[in-house]
Amino acid sequence: MRIAGQASFLTEDGHTIHAWVHGPENDRVRGAVVIAPALAREEVVSHRSMRLVAARAAQEGWLVIRPSWSGTSESGERPACSDPVEVWHRNLELAYRTARDLVGTELPVHGIGLRIGASVLATSPLPFDKRVLWEPVSGAVYMRQYTGLRRASGLSLPPEVGDGVEIDGAHFTDREAAAIRALPDPRKVTAPGLLPVRETDRTVAKKLYGVAAIYAKASPPAIAALVARLDEPVAPGAPKPADVSGWRPTTTARFHVAEFGVDVDEELLELGPDNLAATYTHPVGRHGTGAGAAVLAPPSADPKDGPTGLWTVQARRLAARGVPALRVDRHHCGDGAGLDEVKDINPYTREGVADIDMGASWLHERTDEPVTGAGLCVGGWLVAMAPPTSAMTTRVVLNNVAWRAGERYYEKLYRDWDVDAVLEQLRTMSDVELNTTWRTRAKELVRRRMPYRAWLSLGRCGIPNVPEVVMEHASRNAEVSFYFGAEDGVFFEQERGEEGLARLTRRGRRIKVAHVPALDHSLQAYAARLTALQIIDAALGLSYYPAEEMATCAA
């Protein structure tokens with residue numbers, strides 16, 4: 001087996017979830033561990049840490065199953081109006097049964113749960129031997145934290161939808177939210193084998209789940225201590241290790257897309273010489289249908305499922321209407337990251353561009369369809385910077401804020417990114433007034449007063465952000481659409497993007513820029529998520545999106 005894991009579908013009685021299965025290289029295991037992940041945006045922020053938990057446990061001789069909950073990440077959608085807690089208990093049962101089948105009846109099967117995952121694990125009726133509850137929280141506290149966070153953030157976000165309960169990257173009906181709120185504090189549950197673990201260093205906990213993904217940082221010492229909780233003295237006559245060398249991943253599954261009332265097929269792939277994990281979703285029994293194909297690129301260093309699982313949803317929506325879609329992990333990102341990488345590294349790289357472009361080439365060869373590339377933030381930059389020879393002849397870029405073509409600036413930015421210092425500054429807000437220095441004011445003066453051609457020349461050298469640099473590259477042999485939410489649109493205009501747009505339009509480049517107030521930058525608001533789906537639908541000719549406000553440009 002692989003310590004870094006292999007992707008697999010787990011299926012039983014029509015119930016399918018996606019999971020990563022980790023194990024020691026010698027295939028001899030002393031038991032199994034099932035991971036109960038966090039929920040919504042917390043799951044994304046903690047993804048790197050929980051992957052390293054699984055890898056550490058595999059190094060220590062455990063078989064580890066790391067699933068994603070139904071309705072999140074890469075698992076199948078949760079049935080409408082279902083009790084989410086009941087469904088997640090069923091997810092755990094499927095993972096537990098898989099583990100038990102692999103290790104036999106004599107070896108232990110433990111669980112490790114993070115945050116709300118700890119509460120689901122603690123309340124499961126399954127006979128786990130130990131249940132390690134990492135940073136446990138009750139459902140009521142969790143929902144209160146995340147419904148309040150939006151109000152307290154001070155950010156300009158799209159309006160909340162009129163019904164149900166909205167948290168970062170997820171929406172629940174009132175009944176579904178009530179079921180989550182009813183989850184008790186795991187530390188107060190009466191069940192055998194409960195081991196609550198609360199980090200004494202609260203900075204470690206904060207960087208585990210309670211920050212933006214770019215500030216997240218795994219703690220190898222905390223992870224080692226957590227996995228050590230599974231150890232117990234080996235009694236004389238204890239069962240021998242199980243041999244799991246016969247296990248093979250299940251790489252195909254069928255999912256029902258309730259919105260359109262049809263099924264789609266999905267395949268788990270490994271692409272390129274480094275076996276990057278990819279997921280290919282297509283109409284049942286078909287590949288090319290004449291409707292085009294799509295590659296969906298995630299933001300930041302996030303996994304391939306995109307902004308809190310939204311690209312998984314969109315891939316299946318597209319396939320339900322005849323458009324095959326591909327999602328692929330990138331080097332150093334998501335499950336393509338190295339096991340020694342404890343925080344995000346620079347995702348703005350030519351290697352990342354090549355990873356997405358490789359996915360587009362594979363998709364074009366498989367389907368013989370023209371490919372549309374769609375990406376959010378970093379993913380949008382990767383799509384835009386694909387070479388003119390790319391199979392992505394149509395490109396949809398959402399909320400891009402990076403307008404340098406080279407990676408040197410971004411490499412320095414991420415290399416010098418001191419997570420601890422940034423978090424301390426955010427905590428104290430001591431430097432907010434100092435940020436408006438003479439240097440900042442000088443840059444603003446140069447931006448507004450410098451002749452545009454000189455401004456563009458500096459941009460081509462990678463000194464300031466100049467939108468024309470990226471727009472010019474993206475529009476070579478491709479039709480490109482840029483969509484901006486409120487804050488990102490202001491930044492585009494401040495960096496003189498409309499002047500570049502006008503120049504390129506006069507040269508016959510096929511570029512569209514639209515300001516869409518419903519988009520928040522990370523697509524965490526429910527209204528923003530629905531809008532992003534509609535935008536991509538429209539780019540593929542599946543629907544018409546009338547709500548955009550087209551940016552004006554000079555003739």
Side-chain angles (χ1 to χ4, degrees), residues 1-9 18-23 25 44 47-48 50-52 54-55 58 66 68 73-75 213 248-253 266-282 293-307 309-312 314-315 324-367 371 373-383 385-387 389-392 407 414:
M1 302 190 82
R2 299 179 193 169
I3 290 173
Q6 289 174 268
S8 180
F9 291 117
H18 179 275
W20 282 83
V21 180
H22 306 251
E25 293 176 353
V44 179
H47 182 94
R48 186 184 300 269
M50 298 313 288
R51 180 170 178 262
L52 295 183
R66 179 168 59 95
S68 53
S73 189
E74 302 247 348
S75 286
R248 296 291 183 274
T250 299
T251 57
T252 60
E266 202 154 84
E267 301 176 25
L268 302 179
L269 310 169
E270 293 181 343
L271 299 183
D274 294 325
N275 295 321
L276 292 176
T279 306
Y280 171 53
T281 313
H282 59 91
V295 167
L296 304 172
S300 190
D302 289 4
K304 64 181 183 297
D305 57 79
L310 189 64
W311 285 174
T312 300
Q314 180 65 333
L326 185 79
R327 319 186 287 286
V328 59
D329 268 330
R330 295 155 287 153
H331 286 86
H332 312 293
C333 301
D335 285 279
L339 298 181
D340 59 341
E341 295 170 351
V342 299
K343 66 183 183 71
D344 284 4
I345 66 170
N346 173 31
Y348 291 96
T349 64
R350 293 294 174 184
E351 186 176 42
V353 171
D355 293 338
I356 298 299
D357 191 45
M358 173 188 66
S361 296
W362 182 94
L363 184 62
H364 177 64
E365 291 173 6
R366 182 70 175 266
T367 65
V371 176
L376 170 67
C377 190
V378 173
W381 185 89
L382 297 172
V383 165
M385 292 307 300
T389 56
S390 175
M392 291 182 285
E407 58 187 87
Y414 277 80

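All figures in this text were calculated on a predicted structure; none of them were measured in a lab.
- When atom types are taken as modelled, the side chain of R51 and the backbone of D335 share a donor-acceptor pair closer than 3.5 angstrom.
- A distance-only check finds no donor-acceptor pair linking the side chain of T279 to the backbone of R327 [under 3.5 Å].
- Atoms CG and SG, from D355 and C333 in turn, are 8.5 Å apart once rounded to the nearest 0.5 Å.
- Note that the CH2 atom of W20 and the OG atom of S68 stand 11.0 Å from one another [nearest 0.5 Å].
- Minimum heavy-atom separation, S75 to H18: OG-N, 2.9 Å.
- Within the 3.5 Å criterion, the main-chain N or O of A297 finds a donor-acceptor partner in the side chain of W311.
- At least one side-chain heavy atom of K304 sits less than 4.5 Å from a side-chain heavy atom of E74.
- Looking at heavy atoms from C-beta onward, M385 lies in side-chain contact with R350 at the 4.5 angstrom threshold.
- Inter-residue side-chain proximity for R330 and M358 is flagged as unmet; no heavy-atom pair is nearer than 4.5 Å.
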Next on the checklist: Show, in sequence, the C-alpha distance, side-chain angles and deciding distance for S73 and D305, and conclude whether the side chain to side chain donor-acceptor pair (under 3.5 Å) test is met.
Outcome noted: CA-CA 6 Å; S73 189; D305 57 79; 3.3 Å; yes
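- When atom types are taken as modelled, the side chain of R48 and the backbone of E341 share a donor-acceptor pair closer than 3.5 angstrom.
- Distance check, rounded to the nearest 0.5 Å: CD of E266 to OH of Y280 gives 11.0 Å.
- Atoms CG and NE2, from N346 and H332 in turn, are 9.5 Å apart once rounded to the nearest 0.5 Å.
- Partners of H22 by ring-ring contact (aromatic ring centres under 6.0 Å, His included), not counting sequence neighbours: none found.
- Put simply, CH2 on W381 and OG1 on T349 are 7.0 Å apart, with the number rounded to the nearest 0.5 Å.
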key: Verdict with supporting geometry, L271 and L326, side-chain contact (heavy atoms from CB on, under 4.5 Å)   = CA-CA 11 Å; L271 299 183; L326 185 79; 4.2 Å; yes
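- The salt bridge (Lys or Arg N to Asp or Glu O under 4.0 Å) contacts involving residues 267-281 comprise R2-E270, E267-R366, where partners must be two or more places apart or lie in separate chains.
- Panel note: side chain D302, backbone P307; no donor-acceptor pair is recorded below 3.5 Å.
- Every side-chain hydrogen bond (donor to acceptor under 3.5 Å, both in side chains) that S390 has, sequence neighbours left out, goes to D357.
- A distance-only check finds no donor-acceptor pair linking the side chain of E365 to the backbone of W362 [under 3.5 Å].
- The main-chain N or O of A19 is never found under 3.5 Å from a side-chain atom of S8 such that the two would form a donor-acceptor pair.
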